[in-house]
Amino acid sequence: MPSPISRLLPLLLTGLGLFSVASVPKTAEPRTRTFNFEYTATVPAQAAGVKEVDLWLPVPHNDKSQDIRDLKITAPVAYEVKTSSYGNQVLHVHATGAALQGFTVSMKLQATRREHLNPTLAGQPVSRKDLAPADPNMKRWLAPDSLVPLDPKIRLWSQEVIAKANAKTDLEKAKAIYEHVVSTVTYDKTGQGWGRGDIYYACDARRGNCTDFHAVFIGYCRAAGIPARFSIGFPLPPERGTAEVKGYHCWAEFYTKETGWVPVDASEAAKNPAKRAYFFGAHDENRLEFTRGRDLVLAPRQHSGALNYFIYPYAEADGQPVSGLQQQFRVQDLAKK
């Protein structure tokens, strides 16, 4: 039987202006999208004297929002798929000999992506058991990242946003932070500094891409004691068909005991104000997630420091980072049966 909280929360949120039933209809079934995806990476020829090259590619994982099938990898040398931190899947290729003159690795797969709707915010009856965290890394999602510190200044800025909104519950606080980020940060990829997810850059410049938007959102949430996690993958064009995907996209989730994990996409909300309410509590089906978390250690462990985030190919030659990698990403939608 639904708990009183699960029955009353949507009504309370509506009254507080934190939730609109119209934005995520009660009876709406999550939209789905099934497609083929191809990820290709090319390592250039290495200088004379190089003995070995290691290449890592992210591999998308199965979860409640996506199913991955028919993974096919083509490589001229031995490879392995291993699990690294936070359950991320990693393709590792080790090259020696003739492959050091340059090689290409292709990863093809079929995926079904489902619209991710938080059931409580969507007005669905949810039991406490359904909201139990299935994530063993909850403490990590309260900790700082290298470019998202939780120092006194960040904590102060977070509290100022929360106090201005007179937010009391964790859900209200996260909503206030979301509205603040969407209202004060502009999606703008001009100049330098954007794209690293540096919270101080984003708070100073007040512009950037998805990593910058979600650095502020995640940092302010964590500073307020609200677990928040980062995910990165690829956006899919809304139009169905075949297309090249030019670059990555990232998004976020936060957790409260009353709602479980709540999906958020602040940068898409800023780009599309008509969907501002929707993207607090939903991720659309036009995306494919590859990696969760930041400051990542791969498997097997890379020689360099932790990666800020992991979506593009990463390689090392005799333990040193390789430049000049090339990559291409393509999507092909499949007709519904």
Side-chain angles (χ1 to χ4, degrees), residues 58 84-88 90 133-165 167 169-182 184-185 193-233 248-257 259-267 289-299 301-302 304-312 314:
S84 65
S85 50
Y86 319 127
N88 293 319
V90 179
D135 190 331
N137 302 292
M138 294 297 281
K139 289 183 178 179
R140 174 64 185 91
W141 310 134
L142 282 167
D145 297 319
S146 294
L147 293 178
V148 185
L150 301 181
D151 57 31
K153 184 173 290 187
I154 298 300
R155 295 184 189 279
L156 174 63
W157 290 346
S158 173
Q159 287 304 314
E160 287 176 345
V161 169
I162 290 168
K164 184 176 180 180
T169 68
D170 283 351
L171 183 62
E172 291 173 354
K173 293 174 183 178
K175 177 64 171 178
I177 293 167
Y178 172 83
E179 294 293 345
H180 169 77
V181 174
V182 175
T184 63
V185 182
W194 62 270
R196 298 177 64 236
D198 182 333
I199 191 171
Y200 271 110
Y201 165 83
C203 288
D204 180 50
R206 287 294 162 185
R207 61 182 178 84
N209 75 345
C210 53
T211 54
D212 306 305
F213 274 80
H214 294 112
V216 181
F217 177 80
I218 289 171
Y220 280 20
C221 280
R222 291 177 180 176
I226 302 170
R229 62 191 185 191
F230 170 94
S231 293
I232 194 166
Y248 69 80
H249 181 50
C250 66
W251 46 91
E253 296 172 275
F254 70 90
Y255 182 85
T256 79
K257 293 180 179 179
T259 62
W261 286 104
V262 178
V264 166
D265 196 328
S267 57
E289 182 174 307
F290 275 69
T291 308
R292 181 168 291 162
R294 298 181 63 179
D295 295 339
L296 297 172
V297 174
L298 306 179
R301 187 184 184 102
Q302 71 272 32
S304 70
L307 300 186
N308 184 14
Y309 46 79
F310 183 42
I311 186 61
Y312 293 150
Y314 174 74

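When all heavy atoms of Ala202 and Val216 are compared, the closest pair comes out as CB-CG2, 3.6 Å. Minimum heavy-atom separation, Ala266 to Val181: CB-CG1, 4.1 Å. The shortest non-hydrogen separation linking Asp151 to Ile154 is OD1-N, 2.9 Å. Closest approach of Ser85 to Leu296, counting heavy atoms only: OG-CD2, 3.8 Å. Contact detail for Leu147 and Asn308: the closest heavy-atom pair is CD1-ND2, 3.7 Å. Pairing each heavy atom of Cys250 with each of Asp265, the nearest pair is O-OD1, 4.3 Å.
Rounded to the nearest 0.5 Å, atoms OG1 (Thr259) and CD (Glu253) are 10.5 Å apart. Here the NE2-CG distance, from His214 to Asn209, works out to 10.0 Å after rounding to the nearest 0.5 Å. Annotation: the span from Leu171 atom CG to Thr256 atom OG1 amounts to 5.5 Å, rounded to 0.5 Å. Distance check: Gln302 CD to Leu307 CG gives 4.5 Å after rounding to the nearest 0.5 Å. Atom CD of Glu289 and atom CH2 of Trp251 lie 5.5 Å apart (nearest 0.5 Å).
Glu172 places no side-chain N or O within donor-acceptor distance of the main-chain N or O of Lys175, the cut-off being under 3.5 Å. Proximity of a side-chain donor or acceptor of Arg294 to a complementary backbone N or O of Gly197 within less than 3.5 Å is detected. Distance alone, capped at 3.5 Å, places no donor-acceptor pair between the Ser267 side chain and the Phe213 backbone. With hydrogens and angles ignored, the 3.5 Å screen pairs no side-chain donor or acceptor of Arg301 with any backbone N or O of Leu298. Judged by distance alone, with hydrogens and angles left aside, the side-chain atoms of Asp295 form a donor-acceptor pair with the main-chain N or O of Ser146 at under 3.5 Å. A distance-only check finds a donor-acceptor pair linking the side chain of Asp212 to the backbone of Gly195 [under 3.5 Å]. Judged by distance alone, the side chain of Asp198 and the main-chain N or O of Tyr201 form a donor-acceptor pair under 3.5 Å. Although no hydrogens or angles enter the test, the distance criterion places a donor-acceptor pair under 3.5 Å between the side chain of Arg222 and the main chain of Trp141.
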Run the numbers on Asp145 and Phe230 for side-chain contact (heavy atoms from CB on, under 4.5 Å), then give the verdict.
CA-CA 11 Å; Asp145 297 319; Phe230 170 94; 5.8 Å; no

Applying salt bridge (Lys or Arg N to Asp or Glu O under 4.0 Å) to Glu160 and Lys164, what does each step give before you reach the verdict?
CA-CA 6 Å; Glu160 287 176 345; Lys164 184 176 180 180; over 6 Å; no

In sequence, state the C-alpha distance, the side-chain angles, and the governing distance for Phe310 and Ser84, and then conclude on side-chain contact (heavy atoms from CB on, under 4.5 Å).
CA-CA 12 Å; Phe310 183 42; Ser84 65; over 6 Å; no

Please evaluate residues Leu150 and Arg155 with respect to the criterion side-chain contact (heavy atoms from CB on, under 4.5 Å), reporting the C-alpha separation (whole Å), side-chain torsions for both, the decisive distance (0.1 Å), and the verdict.
CA-CA 6 Å; Leu150 301 181; Arg155 295 184 189 279; 3.6 Å; yes

Passes side-chain contact (heavy atoms from CB on, under 4.5 Å), Ile199 versus Tyr220? Steps please.
CA-CA 9 Å; Ile199 191 171; Tyr220 280 20; 4.2 Å; yes

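You'll find the ring centres of Tyr248 and Tyr309 inside the 6.0 Å limit.
Taking the side chain as every heavy atom from C-beta outward, Asn137 and Arg229 never approach each other to under 4.5 Å. The closest side-chain heavy-atom distance from Ile162 to Gln159 is below 4.5 Å.
Within 6.0 Å of CZ on Arg140 lie more than 12 heavy atoms contributed by other residues, nucleotides or ligands.
Remark: Ser158 pairs with no residue by the side chain to side chain donor-acceptor pair (under 3.5 Å) rule, at least two apart or across chains.
Tyr86 does not carry Arg292 over the face of its six-membered ring by the limits of under 6.0 Å from the centre and within 45° of the normal.
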